[in-house]
Amino acid sequence: MLKIIFGEVENAVYHPPTYFDNRYEDQWITDPLSVAMIKDIDKSDVVSTHLIQSPVLGPISTKEISGGVKTLILMAFDKSGRIFNASSCGDNCAKWIIEIGKKKDLTINLHHVMDFHSVPIFDAVMLNSDVTIHSYGEYLEEALKIKER
Amino acid sequence: MKGKYRIVVQNNKLRYELDIRRNITIIRGDSATGKTKLIQLLEQAASLGEGSGVEVFCERPCRTLGGNDWDLILPNIHGQIIFLDEENRFVKSQEFADAAKNSDNYFVIITREDLPNLPYSADEIYGIHTSGKYHDLKRTYNELYHIYSSNEVSGNEKPEIVVVEDSNSGYEFFQAVCGECGITCISAGGKSNLKAIAEKQSKDSVLLIADGAAIGSEMNELYQLMYYKPTVKCYLPESFEWLILKSGIIDGRSIQDILHHPEDFIESQKYFSWERFFTALLVQYTQGLFLKYSKKRLNEAYLHGKIKSAILSVMEGVNLV
């Protein structure tokens, strides 16, 4: 289940891309989920654990993938119990956050109202108000009522 | 600092072209568009110069700012264009807003956060997109695009309710105009109340009128609200005072010249956002005239037939009468 908390929270990582660079595990990169996310967001191919083929930059290291994808990979695989700031993710990451939230209990932190309109129907718990939402419209209405950012 | 600056940043694979014309510019948008890469290139150029292999072309020095000692460094930088990446959470602090207000630099901030402490324009919120290969076919060419297009935010249907951000002269003007046309007019009493008031309205069409020059921090949420509730539209002129100046009822050539390229006249250290400049300009040019302007209370002369019509005619895409 996806849980969303707005504003400052304990145990949150404000800039997940930096955390990723220092903490990622090699096996995360070649997992089919990471391969699909890197292909979709970065338009890049995972060649091996340490090599990504980018259409713009050519062969790049894993540390050069986008901040959004780094944050998604942490959300999917990190087991430290930390909460990652999804405001590091563009709106093109929204569908993947929801996908990851379907597979595991995932709590994300937001400092802005992320635009989930590309996924009209999804379930999430808004932790600031303890309200469960079932669609983008319900999410937006609830998010606009919450003062924390 | 004032003026418009073209910035070109390139290495042998990437080229960025940006035009910056206000003290605060925001870059946000989808992941993997090259925002962080732009910062990395600027950092390398600033620390290693030509030896970095990065070329930066701009009339003004361009540099990055970050880390815990930003407040020690910033007071010593003058007349530069400063780029801040999203990892710097200090950009949302009041301390940074105060420092930016007193600074004679321009700031380009990469963030998806709303930054309500900073009065930035809806027009200066950009994304980066790739527009293809540069003519040497090796470089990918990246440029800025407006995230919020004016066509999408305004509407030309006659609204049933008008919500005005302002509570002073601007509100009094629209209240009088709407009263004559059978439209309900509400003052939001500030930009942060616009969403809540718009969301409550059950009428078919609601038009929000706000100062575009400083509404930037509300745009992400307003834009989503308009997508979800298509009956809500926005009209975002620079400010009410800008509408009056633009209408041509005061002076003539000199004001229109200023409005044509205001960035060349607005000293950022004196006017943190452009609507303050337009207010000062209007007050200055109407001093001693029958159209003497006061922000606190509307001079009724602005409601006289031809004058009122001239102001309304500036509002392209808005139909109040």
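Values in this document were obtained by computation on a predicted structure and should not be read as measured data.
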Is the side chain of Asn92(A) donor-acceptor paired with the backbone N or O of Ser31(B) at a distance under 3.5 Å, no angle test? yes
Identify which of Leu14(B), Asn220(B), Thr111(B) forms the greatest number of heavy-atom pairs closer than 4.5 Å to chain A. Asn220(B)
Steps toward side-chain contact (heavy atoms from CB on, under 4.5 Å) verdict (Tyr139(A), Tyr228(B)): CA-CA 11 Å; Tyr139(A) 156 80; Tyr228(B) 174 60; over 6 Å; no
Under 4.5 Å to a heavy atom of chain B? For Ser44(A) that would be neither
What do you reckon, is NZ of Lys101(B) surrounded by more than 12 foreign heavy atoms closer than 6.0 Å? no
Spacing of Asp42(A) atom CG and Thr33(B) atom OG1 [to the nearest 0.5 Å]: 10.0 Å
For Asp130(A), look at atom CG and say whether over 12 heavy atoms of other residues, nucleotides or ligands are found less than 6.0 Å away. no
Bottom line for Leu140(A): the part with an atom under 4.5 Å from chain B's heavy atoms is side chain
Residues of residues 35-45 of chain B within contact distance of chain A, non-hydrogen under 4.5 Å: Lys37(B)
Contact list (residues 141-149 of chain A to chain B, heavy-atom gap under 4.5 Å, by number) returns Glu141(A), Leu144(A), Arg149(A)
Out of Lys195(B), Glu87(B), Arg112(B), which one racks up the most heavy-atom pairs below 4.5 Å with chain A? Arg112(B)
Mind ranking Glu8(A), Glu64(A), Lys43(A) by heavy-atom pairs under 4.5 Å with chain B and telling me who comes out on top? Glu8(A)
Please check if the number of heavy atoms outside Gln94(B) that lie under 6.0 Å from its CD is greater than 12. yes
Within the supplied structure, the quantity of interest is the number of heavy atoms (other residues, nucleotides, ligands) at a distance under 6.0 Å from Asp26(A) CG; does it exceed 12? yes
Would you say the side-chain atoms of Glu113(B) pair up with the backbone N or O of Ser87(A), donor to acceptor, closer than 3.5 Å? no
So, the part of Leu225(B) with a heavy atom under 4.5 Å from chain A: the answer is both
Could you check which of Glu221(B), Glu86(B), Arg89(B) has the highest count of heavy-atom pairs closer than 4.5 Å to chain A? Arg89(B)
For Arg23(A), does the CZ atom have more than 12 heavy-atom neighbours from other residues, nucleotides or ligands under 6.0 Å away? no
Exam field: side chain Asp114(B) to backbone His112(A), donor-acceptor pair closer than 3.5 Å: no
Report the distance from atom CD of Gln224(B) to atom CG of Asp115(A), rounding to the nearest 0.5 Å. 4.0 Å
On the 0 to 90° scale, with breaks at 30° and 60°, tag the Tyr227(B)-His117(A) ring pair as parallel, tilted or perpendicular. tilted
For chain B, which candidate among Thr71(A), Leu110(A), Ile41(A) shows the most heavy-atom pairs at distances under 4.5 Å? Ile41(A)
